[in-house]
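A quick write-up on the structure given underneath.
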Amino acid sequence: MFESMYYGNSLQAWLIACGIFVGVLAALAIVRSLLLKKIKPRTRLREFVKVMVEHTRFLFLAIVAMSLASSVLKLPEVSPRLLRVFAAVVVLLQMAWWGHGGISFCVRQVTKARAQSDIGSVTTIRALGMLAKAMLWVMLGLSVVASFGIDVTALIAGLGIGGIAIALAVQNVVGDLFASVSIILDKPFLVGDFIKVGDQAGTVQRVGIKTTRLRSVSGEELVFGNGDLLGSRIRNYRKMTERRAVFTIGVEYGTPQELLRKVPQLIRGAIEAQNDTRVDRVHFSNYGDSALNFEAVYFVLKSEYNAYMDIQQAINFQIYDELSAAGIEIAFPTRTVVLRVDPSSQDAIAQGVIKLAKSVDVGAGAPRNGQEAGSTA
């Protein structure tokens, strides 16, 4: 009975092939199950290996077992060719599944790392992951078609022409997409940074695929296209480690010289009395229109604007108190106007005043003589 021939092979050969198939398939399935149970995702490498094992399909294991089992059989010429094509398709599918799992693993790791520092880029990274998966499956489809002996050159050319047409139609969107990738990789700013673009400023709320959204100081949302954003000059205030501050104080003209020489020391002392400050210079800078001007330059060793304003306010209060205690007056804008009268016109002015006085007296109903009017004038 075992020597009976079926499709060019004895029954014994068929039974041996079936035994090899079942045994190898069972062994591979058991190994896969044990790996899934034993591998603990304590490190990224272990987690990656577990993802690859999870994405190993049962059909792929069956193809491996079938390939080993077919080695003991004498198959017709057509059968090995069909088996090779089928095996190639299954292997390509399995590779695509592994690639799919690898992309998902990478996206998950990156989004987990950026969840706290740059949550706005999470959406973009996930979108890029989906795009990578789509490209992977397109390449798989072309490879499967090519495995059946079909020329895919014309198909690829058609896809290329169609891709160019689509790219031209949505070039702004594509430009913003690549700009989003550039923002993610180059990191000119992160979510939570306070930036200024042109005359607009705000805190970065989200970095999307096409747009970046800012919350302005006055509360409204500012939306920038990623391409336009990268084409502009961006000021990132979060990366500012210290803030340079300049202010000017003017004292009155006529201040005694001994008091005037004390002003730079008073200003320097007021700045040094504050925490997180570093004095650069304090000088008697110039003679103003109505004040003797002193210029001070110092650094606030914090980047927050509120901290800078608190320090500047404390400096202003202390300078005012110390100048007042020293008897030094702070100047304010003044202007003196001097009127000069030509002596030759004084008689004419006097006659005009006399006439004006007479008209006022007549209007008041109190007649007076010329001498009184003259003396009144």
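Quick note: residue numbers are just sequence positions, from 1. Remember, predicted model here, so these are calculated numbers, not experimental data.
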**Report entry** Phe60 CZ to Leu28 CG distance, which is reported to the nearest 0.5 Å
**Finding:** 8.5 Å
Query raised in the report: Does atom CZ of Phe58 have more than 12 heavy-atom neighbours from other groups under 6.0 Å away?
Result: no
Query - Heavy atoms from other residues, nucleotides or ligands near CE of Met139 exceed 12 (cutoff 6.0 Å) - result: no
Query - Rounded distance [0.5 Å steps], CD in Gln109 versus CZ in Arg44 - result: 5.0 Å
Report task. Answer yes if Tyr305 and Ile311 sit in the same cluster of Ile, Leu, Val, Met, Phe, Trp and Tyr residues linked by side chain heavy atoms under 4.5 Å apart, and no otherwise. Result -> yes
Query - From Arg213 atom CZ to Leu222 atom CG, the distance as rounded to the nearest 0.5 Å - result: 11.0 Å
**Report entry** Side-chain (Ser104) to main-chain (His100) donor-acceptor, under 3.5 angstrom
**Finding:** yes
Requested in this report: Fit a plane to each ring of Phe294 and Phe284, take the angle between them on a 0 to 90° scale, and name the class: parallel (under 30°), tilted (30 to 60°) or perpendicular (over 60°).
Outcome: parallel
Query raised in the report: Is any side-chain heavy atom of Arg32 closer than 4.5 Å to a side-chain heavy atom of Leu61?
Result: yes
**Report entry** Note, Phe224 side chain near Val204 side chain (heavy atom, < 4.5 Å)
**Finding:** no
Query raised in the report: Is the backbone N or O of Glu272 less than 3.5 Å from a side-chain atom of Tyr298, with the two atoms forming a donor-acceptor pair by type?
Result: no
**Report entry** Spatial distance of atom CD1 (Ile315) from atom CD1 (Ile267) [nearest 0.5 Å]
**Finding:** 10.0 Å
Query raised in the report: Is the number of heavy atoms from other residues, nucleotides or ligands within 6.0 Å of CZ (Arg281) greater than 12?
Result: yes
Report summary line: Output for pair (Arg261 CZ, Leu266 CG), nearest 0.5 Å, gives 14.0 Å
**Report entry** side chain to side chain donor-acceptor pair (under 3.5 Å) partners of residues 320-332, not counting sequence neighbours, each pair once
**Finding:** Gln318-Glu322
Query raised in the report: Without hydrogens or angle criteria, can the side chains of Thr56 and Trp98 be said to hold a donor-acceptor pair below 3.5 Å?
Result: yes
Query raised in the report: If you measure from NZ on Lys38 to CZ on Arg46, what distance do you get to the nearest 0.5 Å?
Result: 12.0 Å
Report task. Could you tell me whether a side-chain N or O of Ser232 sits under 3.5 Å from a main-chain N or O of Asp228, the two making a donor and an acceptor? Result -> yes
Query raised in the report: Linking I/L/V/M/F/W/Y whenever any side-chain heavy atoms sit under 4.5 Å apart, do Phe194 and Leu214 land together?
Result: no
